[in-house]
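Notes follow the structure.
Counting starts at 1 for both ligands and their atoms, in listed order.
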Amino acid sequence: MSEAIAAEQHDVLIVGAGFAGLRLLDLMRCQGRRARVLEAGDGVGGTWYWNRYPGARCDVESMQYSYQFDPALEAQWDWSERYAAQPEILAYAEAVAERLDLTRDIRFGTRVRSAVWDGALWRLESEDGAAFEAPICIMATGCLSAPNVPDLPGLKDFSGPVHHTGHWPHEGVDFSGQRVGVIGTGSSGIQSIPRIARQAASLTVFQRTANFAVPAWNRPLSEAERASVRAEYAALRARQKRSPNAIDRPGPVGSAAQTSAEARQAEFEARWEAGGLPFLSAFDDLLLDPQANAWAANFVRARIREIVQDPATAELLCPTDLIGCKRLCVEIGYFETFNLPHVRLVDLRPGDGGRGGIETVTPGGLRAAGETFELDALVLATGFDAMTGALLRIDVRGEGGRSLRQDWAEGPASYLGLMVAGYPNLFTVTGPQSPSVLTNMIVSIEQHCEWIADAVAALEARGASRMAAEDSAQAAWTEANAAMAEGSMREACGSWYRGANIPGKSAVYMPYVGGFPAYTEALEGITARGYEGFSFA
Ligand code: NA7
């Protein structure tokens with residue numbers, strides 16, 4: 001019989017050193033707890049550590065896509081652009097870690113493979129054979145951190161390099177003079193394609209589903225702009241929390257249905273000219289009324305047809321879904337890229353009208369849509385096993401040895417996206433059934449980290465050693481969440497929000513669709529009523 005590895009003992013274990021893990025470590029330390037962060041990468045930053053593909057940047061404006069817990073940090077950090085690029089966001093995460101002296105409590109290069117509750121402690125084991133124990137475990141594993149590598153026949157035989165956007169080489173990739181193929185036209189494809197096209201000798205983009213994208217109109221931020229935000233940062237942060245997606249943006253000007261065609265067009269044009277995600281909040285019925293949605297979608301399609309010179313390519317780039325069903329993308333020169341002579345778009349849609357999917361990857365390229373493509377390098381911009389993927393890649397065992405993989409086989413169930421019944425003292429940051437990916441992630445992350453820290457303190461204050469979500473509370477929350485999503489336009493397409501991008505994944509709409517303010521009201525009410533729906537023992 002092999003002996004159990006001796007485990008390091010801590011008060012709290014935190015998995016992941018992204019924005020959530022960093023914030024949690026600081027909060028736990030402030031409470032005087034010995035906390036240890038286990039991080040697979042060799043540095044902090046989470047998403048921004050891994051996603052180093054060319055063109056990677058945030059799609060929420062930087063002055064808002066940043067921590068708000070530390071006014072001094074807000075006052076000091078100079079975001080250089082409207083939407084910061086990945087290196088700057090990573091530098092920000094590193095600066096926060098340094099400022100708070102966090103790295104001494106982070107064990108890097110540590111991929112957790114199992115987390116087991118023994119009735120009193122969580123025992124975590126890593127792939128490198130180390131073990132850790134603590135009464136509290138917090139999964140800060142990220143919503144978009146488990147890359148989806150599609151099971152393409154022949155992929156392992158491709159003779160050139162294959163790079164997934166979510167696992168990009170740290171030294172960068174030089175595509176100069178190469179024939180490059182990019183598979184995938186979600187946000188990562190839309191951001192990277194224009195940049196790869198600048199280098200590559202030829203670029204072939206393999207598109208299964210066209211996505212809606214609006215311009216970022218990214219630009220440097222002036223000192224005056226930064227100063228004007230800083231002058232009222234607290235008010236801006238308060239407005240963020242009152243907005244459904246936790247982004248301070250111009251609100252809807254009314255209902256599209258009750259606005260004249262000219263005024264509607266003018267509003268869409270103004271939003272397009274302003275750039276970014278607020279396009280979707282132009283009217284309050286865009287995600288409620290199919291006709292209103294069609295007006296917005298048609299506006300974007302018309303812009304695509306104006307920009308893209310080849311009519312057949314323009315048609316292929318025009319999405320057929322409802323706008324806002326999948327996450328709206330924010331682009332920089334994406335559609336213009338298809339006017340370049342060395343860039344080609346290949347339609348992978350199966351069946352009606354489409355030319356069919358990828359048949360096989362070959363050593364020298366791939367066969368798709370009945371044609372052979374010679375390629376030197378392949379980029380997989382194929383997304384993530386979202387929201388549950390990172391958690392379920394860990395073998396999580398709760399009370400009586402129950403398995404999270406089994407419990408979630410038909411789709412995730414949680415209470416508030418913060419705890420799962422049957423898994424005492426295990427917290428999830430921005431878990432399924434919380435607003436998470438439908439919001440400005442950093443606002444949602446900070447909310448959850450602070451709530452978890454308060455809950456751990458409450459557990460101690462009650463003289464208890466065990467906190468758990470009750471089955472009935474979880475069932476009611478999960479059901480209410482599903483009912484809210486059901487029939488909404490967000491559920492009307494095959495998005496990663498409902499696991500549709502992963503073969504075999506259960507089709508459950510995962511994020512909470514009721515908006516950040518309603519979620520906050522529910523969370524605060526539950527907490528004020530003595531942590532209703534949670535049991536302490
Ligand atoms: P997404 O948005 O999931 O996009 C992935 C893309 O890859 C999408 O166009 C997929 O087509 C395509 N895809 C996935 N598998 C295949 C196969 N097997 N064949 C062809 N095409 C495929 O991921 P991103 O990384 O772009 O963005 C994720 C989020 O990160 C984004 O929303 C931002 O919040 C940040 P499909 O649409 O499934 O037909």
For this session: Give the residue and atom name of whichever protein heavy atom lies nearest to atom 36 (P) of ligand 1, and the separation in Å to one decimal.
Result: T209 OG1, 3.4 Å
Problem set entry | Contacting atoms of ligand 1, where contact means under 4.0 angstrom from a heavy atom of I183 | 20 (C), 21 (N)
For this session: Measure the distance from atom 12 (C) of ligand 1 to every protein heavy atom, then report the residue, atom name and distance (to 0.1 Å) of the closest one.
Result: G184 CA, 3.7 Å
Problem set entry | Test item: D78 and E88 side chains (from C-beta on) under 4.5 Å apart, heavy atoms | no
Exercise. For atom 27 (O) of ligand 1, which candidate among S187, A386, A56, C58 holds the nearest heavy atom?
Worked result: S187
Problem set entry | Side chain proximity check, I196 to V173, heavy atoms < 4.5 angstrom | no
Exercise. With a 4.5 Å limit on heavy-atom distance, are the side chains of F69 and R23 in contact?
Worked result: yes
Exercise. What do you reckon, does T165 put a non-hydrogen atom under 4.0 Å from ligand 1?
Worked result: no
For this session: If the plane angle is over 60° it's perpendicular, under 30° parallel, otherwise tilted; pick one for H163 and F175.
Result: perpendicular
Problem set entry | Contacting atoms of ligand 1, where contact means under 4.0 angstrom from a heavy atom of G383 | 3 (O), 5 (C), 23 (O), 24 (P), 25 (O)
Seminar exercise, completed: Looking only at protein heavy atoms, what sits closest to atom 4 (O) of ligand 1 is G186 CA, 3.5 Å
Problem set entry | Y509 and Y497 aromatic ring geometry - parallel, tilted or perpendicular at 30°/60° bounds | tilted
Exercise. Is it true that Y92 and W79 have ring centroids separated by less than 6.0 Å?
Worked result: yes
Exercise. Can you tell which part of L348 has a heavy atom less than 4.0 Å from ligand 1: side chain, backbone, both or neither?
Worked result: side chain
Problem set entry | Minimum-distance protein heavy atom relative to atom 35 (C) of ligand 1 | L144 CD1, 4.1 Å
Seminar exercise, completed: Candidates A381, P150, P319; heavy atom nearest atom 5 (C) of ligand 1 found on A381
For this session: Have a look at ligand 1 and work out which part of Q207, if any, has a heavy atom under 4.0 Å from it: side chain, backbone, both or neither.
Result: neither
Exercise. How close does the nearest protein non-hydrogen atom get to atom 25 (O) of ligand 1, and which residue and atom is it?
Worked result: S188 OG, 2.6 Å
Problem set entry | Output field: ring centroids Y334/F338 closer than 6.0 Å | yes
Problem set entry | Close N or O approach (K326, ligand 1; < 3.5 Å) | yes
For this session: Check whether the ring centres of H167 and Y53 lie less than 6.0 Å apart, and answer yes or no.
Result: no
Seminar exercise, completed: shortest atom 3 (O) of ligand 1-to-protein heavy-atom contact is with W496 CD1, 3.3 Å
Problem set entry | N/O separation below 3.5 Å, D59 to ligand 1 | no
Exercise. Think R301 forms a cation-pi with F299, using NZ or CZ under 6.0 Å from the six-ring centre and within 45 degrees of its axis?
Worked result: no
Problem set entry | Gap separating the OG1 atom of T185 from the CD1 atom of I193, nearest 0.5 angstrom | 6.5 Å
Problem set entry | Distance from atom 32 (O) of ligand 1 to nearest protein heavy atom, with residue and atom | R327 CD, 3.2 Å
Exercise. Looking only at heavy atoms, is any part of F384 under 4.0 Å from ligand 1, and if so is it the side chain, the backbone, or both, or is it neither?
Worked result: side chain
Exercise. Can you check whether D321 reaches T209 side chain to side chain, under 4.5 Å on heavy atoms?
Worked result: yes
Exercise. To the nearest 0.1 Å, how far is atom 19 (N) of ligand 1 from its closest protein heavy atom, and which atom is that?
Worked result: R208 NH1, 3.7 Å
